[in-house]
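Chain letters run A, B, ... following the sequence lines, proteins first and then strands; every chain starts at 1.
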Number of protein chains: 4
Amino acid sequence: MDTRDKILSAAQEVFSQNGYYTATMDMIAEKAEVAKGTLYYNFPSKVALFTEVIKEGFRYIAQRLMDIAYSEYTPDRQVLKCIEFFVDYCIENSSYVNILFFELSGGMDKEVREVADGLIADLAGIISNMLKEGMTYSVVRSMDADIASYTMLGAMQGVMGRYIRGKDKPDVKKVKENIGKLLSKGLLY
Amino acid sequence: MDTRDKILSAAQEVFSQNGYYTATMDMIAEKAEVAKGTLYYNFPSKVALFTEVIKEGFRYIAQRLMDIAYSEYTPDRQVLKCIEFFVDYCIENSSYVNILFFELSGGMDKEVREVADGLIADLAGIISNMLKEGMTYSVVRSMDADIASYTMLGAMQGVMGRYIRGKDKPDVKKVKENIGKLLSKGLLY
Amino acid sequence: MDTRDKILSAAQEVFSQNGYYTATMDMIAEKAEVAKGTLYYNFPSKVALFTEVIKEGFRYIAQRLMDIAYSEYTPDRQVLKCIEFFVDYCIENSSYVNILFFELSGGMDKEVREVADGLIADLAGIISNMLKEGMTYSVVRSMDADIASYTMLGAMQGVMGRYIRGKDKPDVKKVKENIGKLLSKGLLY
Amino acid sequence: MDTRDKILSAAQEVFSQNGYYTATMDMIAEKAEVAKGTLYYNFPSKVALFTEVIKEGFRYIAQRLMDIAYSEYTPDRQVLKCIEFFVDYCIENSSYVNILFFELSGGMDKEVREVADGLIADLAGIISNMLKEGMTYSVVRSMDADIASYTMLGAMQGVMGRYIRGKDKPDVKKVKENIGKLLSKGLLY
DNA sequence: CATGAATGAGTCTTCATTCAT
DNA sequence: AATGAATGAAGACTCATTCAT
């Protein structure tokens with residue numbers, strides 16, 4: 001693993017566990033086992049490093065979502081698959097997800113926020129297209145696909161946030177089923 | 001308005017616009033038009049002040065949710081009313097909502113996080129009870145009420161987050177309708 | 001007890017337990033059960049209050065030394081009596097003695113230092129005279145009485161400092177005997 | 001001279017002249033001709049820096065005392081040599097001695113106090129052993145060596161304190177002679 | 001390429017002191 | 001005589017960033 005990757009990997013971990021502001025370049029350098037100067041040799045600034053870490057995360061999620069979108073599954077199955085993937089991913093990368101979806105919001109450099117909002121928009125776009133596709137086949141209820149995609153994303157974040165930060169380990173299967181049921185069939189009869 | 005309230009109000013604004021870490025006590029003092037020392041005469045620390053700001057916000061939301069829960073509306077109407085209230089509240093207090101639901105997650109003092117998680121749990125509790133009540137009347141689909149309440153909360157946050165930070169003004173009515181539809185009837189036919 | 005005395009008494013205690021710099025006017029006000037403003041109504045400043053506390057302490061010690069100097073004891077007995085008094089006083093007022101003799105030295109306001117040095121000089125003067133008296137009767141060894149008085153004072157401080165700060169309770173009788181022996185007969189045969 | 005030493009040396013001077021609390025890190029940085037951050041790069045905190053300064057001083061004194069203890073002098077000559085060294089050292093390093101022996105007592109961080117008490121105990125231990133050695137040869141009067149060592153240390157501090165802070169330059173030779181006489185032969189005939 | 005010592009602007013926090021009541 | 005809310009100057013400490021090696 002080359003220096004750049006070592007740093008990126010250490011940064012991801014440190015940012016995840018501490019949040020952007022509490023994390024320090026010293027912590028990252030130590031975890032990456034390089035000198036602090038090396039951080040600046042490879043990345044122009046703390047924000048830039050953070051942005052890179054964020055990008056990597058979103059890139060991966062987007063990739064997986066695209067895999068589902070271009071799979072042979074029917075549109076309604078795709079939606080369910082997305083939820084399943086999300087729950088699994090959150091469980092496995094809880095603290096990383098935390099910075100990916102929450103940390104970004106408050107007091108962050110305007111530049112980063114724009115990058116992040118763009119990345120989230122990409123994610124929502126993928127889901128949105130998936131929903132639109134479903135609507136043309138009349139398996140997805142007709143509604144504003146953009147709003148729906150953000151609602152889905154938010155719903156998943158909300159539940160996961162609860163379990164990410166909570167003390168009690170989530171019952172993955174139950175969570176998947178319940179979010180799935182709620183989002184697919186709705187709260188009301 | 002007494003000093004304490006003046007500070008609290010200024011703090012809310014400054015924290016909302018800048019996030020916890022970027023906000024400084026100087027900024028708050030200036031906005032409140034008091035000396036920095038006065039901040040510390042009234043609140044022991046920055047975290048404590050922040051916590052108080054958070055508490056106030058959640059207290060208000062919880063109050064409004066309780067009003068709905070104890071209203072004469074049928075349980076299914078109550079759920080819809082919650083969503084409506086939330087959308088309206090978020091539109092009107094966008095940046096405040098931002099710190100209330102997002103800022104709290106990353107790198108924040110453990111103590112504050114616990115306080116906040118407790119407050120969010122209270123909110124979820126109110127919604128959860130509302131849903132359970134609806135289930136006994138068979139107007140709310142039978143499912144895990146806790147998971148559902150967090151999903152609802154999350155869903156609302158998610159959409160609002162999009163519009164809070166986005167450049168385009170949200171079409172309030174459309175948003176309400178669409179989240180309402182999604183959450184009540186579900187995505188799929 | 002009037003307000004002034006209540007403050008003086010509280011100040012003595014707070015300064016003794018915390019030292020001049022660590023002690024705060026708030027602590028003193030609280031201990032004295034008066035408002036902070038009252039402190040300033042009765043004393044112009046923290047230094048002034050401290051100086052007053054110091055003066056009281058030295059005044060008392062000087063008085064007791066004078067009592068011994070003007071007693072019917074022979075000059076050699078007087079010297080021993082001084083040592084005894086000192087040991088007893090230090091044991092009973094250890095933390096007060098601490099500020100009286102040690103705190104005063106470092107980084108203290110020049111004004112206070114001068115006051116304190118004057119007060120210590122007074123003490124030394126009393127002892128010095130006692131020694132001179134003894135020299136005229138040839139019961140005290142002929143030497144520079146000023147140097148000797150400071151040596152005595154210092155010796156007593158040194159031993160007491162050890163026991164004041166140490167964890168092990170001093171064996172008062174043994175300490176008195178040993179300092180007495182050393183100072184009266186000397187270290188060497 | 002490397003940075004660390006430059007800081008240590010500046011700190012010694014600044015602490016000596018001002019006392020722990022009145023001295024500021026800015027003053028030290030300025031005197032050392034380094035940026036304030038450099039202070040913290042080399043020492044974790046003000047207390048830590050102070051502690052280090054203290055340790056260095058005691059280390060030197062202990063070394064010199066050991067030299068005397070292991071010299072070829074007879075035990076009684078050693079005691080006298082100690083006194084001479086002390087007087088000389090105090091004259092030459094008056095303000096440093098001030099913090100070494102006085103500053104440490106009041107309101108100082110508990111940790112530092114423990115370190116310092118330990119260091120003073122070491123010094124007393126060296127002297128105590130010297131006295132015990134003398135007692136076995138019957139040239140030192142039989143008494144509690146621990147109490148005696150603290151008395152000696154205190155006596156020397158006391159006199160020196162007088163001259164350190166006093167306006168009149170001490171007559172070194174006279175002071176040495178008189179303390180020597182007092183401690184070796186005693187006050188009384 | 002990599003290093004790590006040095007930097008200094010920026011923050012939180014403390015606390016003696018003041019003054020209107 | 002007494003109060004206590006308000007003040008603001010001052011100080012310890014942090015940390016992203018730079019640069020000579």
Side-chain angles (χ1 to χ4, degrees), chain A residues 2-4 6-7 20-30 32-50 109, chain B residues 2-4 6-7 20-29 32-50, chain C residues 2-4 6-7 20-30 32-50 109, chain D residues 2-4 6-7 20-29 32-50:
Chain A
D2 75 343
T3 307
R4 200 189 137 87
K6 243 168 45 186
I7 293 173
Y20 179 74
Y21 287 102
T22 312
T24 70
M25 293 302 261
D26 283 274
M27 288 162 108
I28 296 170
E30 194 185 7
E33 291 176 318
V34 298
K36 218 199 312 194
T38 310
L39 260 38
Y40 285 89
Y41 185 78
N42 287 278
F43 299 89
S45 69
K46 188 188 181 186
V47 203
L49 176 52
F50 182 67
D109 204 281
Chain B
D2 76 343
T3 308
R4 199 190 138 89
K6 237 165 54 186
I7 293 172
Y20 179 74
Y21 287 103
T22 312
T24 72
M25 292 302 259
D26 282 276
M27 289 162 92
I28 296 171
E33 290 177 314
V34 297
K36 217 197 310 189
T38 309
L39 260 39
Y40 285 90
Y41 184 74
N42 286 279
F43 299 90
S45 69
K46 189 186 181 185
V47 205
L49 175 53
F50 182 67
Chain C
D2 75 342
T3 307
R4 202 189 137 87
K6 243 166 47 184
I7 293 173
Y20 179 74
Y21 287 103
T22 311
T24 70
M25 293 302 260
D26 282 275
M27 286 161 108
I28 296 170
E30 193 184 8
E33 291 175 318
V34 298
K36 217 197 312 191
T38 310
L39 260 37
Y40 285 87
Y41 185 78
N42 286 278
F43 299 89
S45 70
K46 188 186 182 187
V47 203
L49 175 53
F50 182 68
D109 203 280
Chain D
D2 76 343
T3 308
R4 198 189 139 89
K6 238 167 50 185
I7 293 173
Y20 178 75
Y21 287 103
T22 310
T24 72
M25 292 302 260
D26 282 277
M27 288 162 93
I28 296 171
E33 289 175 317
V34 297
K36 214 196 312 185
T38 310
L39 260 38
Y40 286 90
Y41 185 75
N42 287 277
F43 300 89
S45 68
K46 189 185 180 187
V47 205
L49 175 53
F50 182 68

Using whole Å, report how far CZ of D:Arg4 lies from P of E:dG4.
18 Å
Side-chain N or O of A:Thr3 versus OP1/OP2 of E:dA2: is the shortest distance under 4.0 Å?
yes
If the C1' atom of E:dC1 is compared with that of F:dT21, how far apart are they to the nearest Å?
13 Å
Value in whole Å for how far the P atom of F:dA12 lies from CZ of D:Phe50
13 Å
Between F:dC13 atom P and D:Ile28 atom CD1, what is the distance in whole Å?
11 Å
Output a table of donor-acceptor pairs, distance under 3.5 Å, between side-chain atoms of residues 32-44 of chain C and any protein atom two or more places apart or on a different chain; print 'none' if there are none.
residue: C:Lys36; atom: NZ; partner: C:Asp26; partner atom: OD2; Å: 3.1
residue: C:Thr38; atom: OG1; partner: C:Ala35; partner atom: O; Å: 3.3
residue: C:Asn42; atom: ND2; partner: C:Thr38; partner atom: O; Å: 2.9

Heavy atoms only: give me the nearest A:Ile7-A:Leu49 pair and the separation to one decimal.
CG2-CD1, 4.1 Å
What nucleotide, of F:dG8, E:dT3, F:dA6, holds the atom closest to the side chain of B:Asn42?
F:dA6
Shortest non-hydrogen contact between D:Thr22 and D:Met27, atoms and distance
O-SD, 3.9 Å
Looking only at E:dA2, E:dT7, E:dA6, the nucleotide nearest the D:Ala35 side chain is E:dT7
In which ranges does DNA chain E form stems of 3 or more consecutive Watson-Crick or G-U pairs, distances under 3.5 Å?
E:2-21 with F:2-21
Figure out the CD/C1' separation between C:Glu33 and F:dA2, and round it to whole Å.
15 Å
Under 4.0 Å protein heavy-atom contact, by nucleotide of nucleotides 15-21 of chain F - B base, S sugar-phosphate only:
SBBB---
Could you tell me the separation between the NZ atom of C:Lys6 and the P atom of F:dA1, rounded to a whole number of Å?
14 Å
To the nearest Å, how far apart are A:Met27 CE and F:dT14 C1'?
13 Å
If I take atom CD1 in residue A:Ile7 and atom P in nucleotide E:dC1, what distance separates them, rounded to the nearest angstrom?
12 Å
